[in-house]
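Throughout, protein chains are lettered first and strands after them, A, B, ... in sequence-line order, and every chain is numbered starting at 1.
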2 protein chains.
Amino acid sequence: MSSTENTRAGASRARLVEAAVTAFAERGFHGTSTRDIAAAAGMSPAAVYVHHRSKEDLLYLISRVGHDDTVAVIRQAADSTDDPAARLAAVMRAFALHHAREHTRARIVNYELNALSREHLAEISAIRRQIRLDVQAMIQDGVDAGVFDTPDPAKAAMAVLSLGIDIARWYRDDGSWTPEEIADFYADLALRVVGAGRR
Amino acid sequence: MSSTENTRAGASRARLVEAAVTAFAERGFHGTSTRDIAAAAGMSPAAVYVHHRSKEDLLYLISRVGHDDTVAVIRQAADSTDDPAARLAAVMRAFALHHAREHTRARIVNYELNALSREHLAEISAIRRQIRLDVQAMIQDGVDAGVFDTPDPAKAAMAVLSLGIDIARWYRDDGSWTPEEIADFYADLALRVVGAGRR
DNA sequence: GGCAACGGACTAAGCGGTCGCTTAGTGCTA
DNA sequence: TAGCACTAAGCGACCGCTTAGTCCGTTGCC
């Protein structure tokens, strides 16, 4: 628990964020009221505004932190090796694992963009675009090195990201597969998508 | 235009549905009011209830027709050949093309399930489950025939469906790729996912 | 050491507006 | 004249957010 959460205000703020994450993931931003969030956190509706400027500001906080986490997950996995195939597999494994484990937050991060203000959406869109370009560059590197065989690295990058992101839509904690099983399978899948080892 | 749409009531009903499709796709079920829908259709709010029992009933109609269309697209493609690889490629091409062309409706069909009533959701969930089982069976057939090489047909089916469905999330009419380009690329992608031609 | 004051976290109550839906009335066409 | 499609107006409930007051803990002063 960080130092900001050791204070009474910090603890309350964290409870509000957790309550909002659960509600936004389940019913969406517009399907959730501030009264819903406050009740789930054991507080009054007015308490929300002691800690957050607005309902949209709460969504933005959740979205921003979620995107920063995603970027960190990808960067850390990408930095683990210089080998294009191992790197893409590592990135996909980490990406898929992240989306399975954090599927609740990932649902908000990926599906509640339209509820953000124009300014906040512009910022988040820039992060998402950079992620896509980074993955595309990894795939292009593999093609340049003669390790990958795909006619279209841009489309392949879109497909790889789609596989990971869509886990947030279908994953269930009580489903048949563990996050690790999905991550292993998807790591191999990413290599198939880019045609690793076909030459 | 079907006979039910040649009447004044039919024309009005169709305009309401189109307005709802656009609004639900853009802002979600809860982010759209019946006043929004009525205004976009050039009518008063009360007119919505002349043609539909409730706002949720309108969503259910759109969702049901959308799912029936998806089933028809898959069935028609699957019936085109008995060869497992050609069949899966045809199904994926049709599925991807459908999601790109109809991305507006596809967004509602795939992302606005939680707004359905329990009864309606049960019905729609059964359709979705059947689609997944059908695709999984196609892949299992390919494995049995020695044409596909995947360690896990169930996960491969999930991945193939994810690729197609996620098009609804990212596709833009003003994007760089045409629906046909995406469909061709994804048809090949499906074969890579299942390891067609690796043995 | 005790008391008073201050500040932060929170609540009760409420505001102005919007929501899904209903009803009584209107107009037009067959 | 009757019925269908539609509208104006409205109901009860809920919405995001604000404000004035309360309570508790901390700090400072005597």
Side-chain angles (χ1 to χ4, degrees), chain A residues 1-21 23-24 26-63 108 112 114-120, chain B residues 1-21 23-24 26-63 108 112 114-120:
Chain A
M1 185 181 278
S2 73
S3 64
T4 59
E5 284 174 9
N6 276 336
T7 59
R8 182 182 174 193
S12 299
R13 188 183 168 84
R15 285 214 319 284
L16 280 168
V17 168
E18 276 316 304
V21 163
F24 286 159
E26 184 174 319
R27 300 187 287 275
F29 177 83
H30 293 292
T32 297
S33 68
T34 48
R35 285 169 175 76
D36 292 333
I37 297 168
M43 294 178 197
S44 72
V48 173
Y49 298 92
V50 170
H51 300 280
H52 302 279
R53 281 178 10 190
S54 67
K55 185 185 172 190
E56 190 270 343
D57 207 66
L58 188 48
L59 174 68
Y60 167 69
L61 172 67
I62 294 168
S63 190
I108 301 168
E112 298 299 327
N114 284 341
L116 291 167
S117 71
R118 183 166 303 188
E119 175 183 77
H120 288 153
Chain B
M1 181 179 282
S2 72
S3 63
T4 58
E5 286 175 8
N6 277 334
T7 60
R8 182 183 173 194
S12 299
R13 187 182 168 85
R15 284 214 321 283
L16 280 168
V17 168
E18 276 315 304
V21 164
F24 285 159
E26 184 175 318
R27 300 187 289 274
F29 178 82
H30 293 291
T32 298
S33 68
T34 46
R35 284 167 175 78
D36 291 333
I37 297 168
M43 293 178 197
S44 72
V48 173
Y49 299 92
V50 170
H51 301 280
H52 303 280
R53 281 178 10 191
S54 67
K55 185 186 173 189
E56 190 270 343
D57 206 65
L58 187 48
L59 173 68
Y60 167 67
L61 172 66
I62 294 168
S63 189
I108 302 169
E112 298 300 325
N114 283 340
L116 291 168
S117 72
R118 182 167 300 187
E119 174 182 78
H120 287 154

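Not one N or O on the side chain of B:K55 forms a donor-acceptor pair closer than 3.5 Å with the backbone of B:V48. Between the side chain of B:R35 and the backbone N or O of B:P45 there is no donor-acceptor pair closer than 3.5 Å.
Note that the two end axes of the helix from C:dG1-D:dC30 to C:dA30-D:dT1 enclose an angle of 10°, each drawn from 5 base pairs, rounded to 10 degrees.
Here the C1' atom of nucleotide D:dC17 and the CD1 atom of A:I37 are 13 Å apart, to the nearest Å. Following rounding to the nearest Å, B:E56 (CD) and C:dG20 (C1') show an atom-to-atom distance of 13 Å. Taking atom CG on A:L59 and atom P on D:dG16, their separation rounds to 13 Å, with Å as the unit. Look at CZ on B:R35: it is 9 Å from P on C:dT18, rounded to the nearest Å. Rounded to whole Å, atom C1' of C:dC21 lies 15 Å from atom CG of B:L16. In this structure, NE2 of B:H30 is placed 11 Å from P of D:dC15, rounded to the nearest angstrom. If you take CZ of A:R13 and C1' of C:dC10, they are 16 Å apart, rounded to a whole angstrom. A:R53 has its CZ atom 17 Å from the P atom of D:dG16, to the nearest Å.
Atom CZ of residue A:F24 and atom CD1 of residue A:I37 lie 4.0 Å apart, to the nearest 0.5 angstrom. With rounding to the nearest 0.5 angstrom, the NE2 atom of B:H30 is 9.0 Å from the CG atom of B:L59. Here A:R13 contributes atom CZ and A:L61 contributes atom CG; the two are 6.0 Å apart, rounded to the nearest 0.5 Å.
Map A:D36 and A:A46 each onto its nearest nucleotide of DNA chain D; the residue landing nearer the 5' end is A:D36. Of the two residues contacting DNA chain D, namely B:R15 and A:Y49, the nearest-nucleotide position lying further toward the 5' end is that of B:R15.
Contact annotation: A:S54 side-chain N/O to D:dG16 OP1/OP2 distance is not under 4.0 Å. Under 4.0 angstrom from either OP1 or OP2 of C:dC21 there lies no side-chain N or O belonging to B:H52. Phosphate contact (OP1/OP2 of D:dC6, side-chain N/O of B:S12, threshold under 4.0 Å): present. At least one side-chain nitrogen or oxygen of B:T34 sits closer than 4.0 Å to the OP1 or OP2 atom of C:dG20.
Residues A:Y49 and A:S54 approach most closely at CE2-CA, 4.1 Å, considering heavy atoms. Among all heavy-atom pairs drawn from B:S12 and B:H51, the shortest one is CB-NE2, 3.6 Å.
The B:K55 side chain lies nearest to C:dC21 when the options are C:dC21, C:dT11, D:dC15.
Counting any heavy atom pair closer than 4.0 Å across all strands shown, A:S33 reaches sugar-phosphate atoms only and no base atom.
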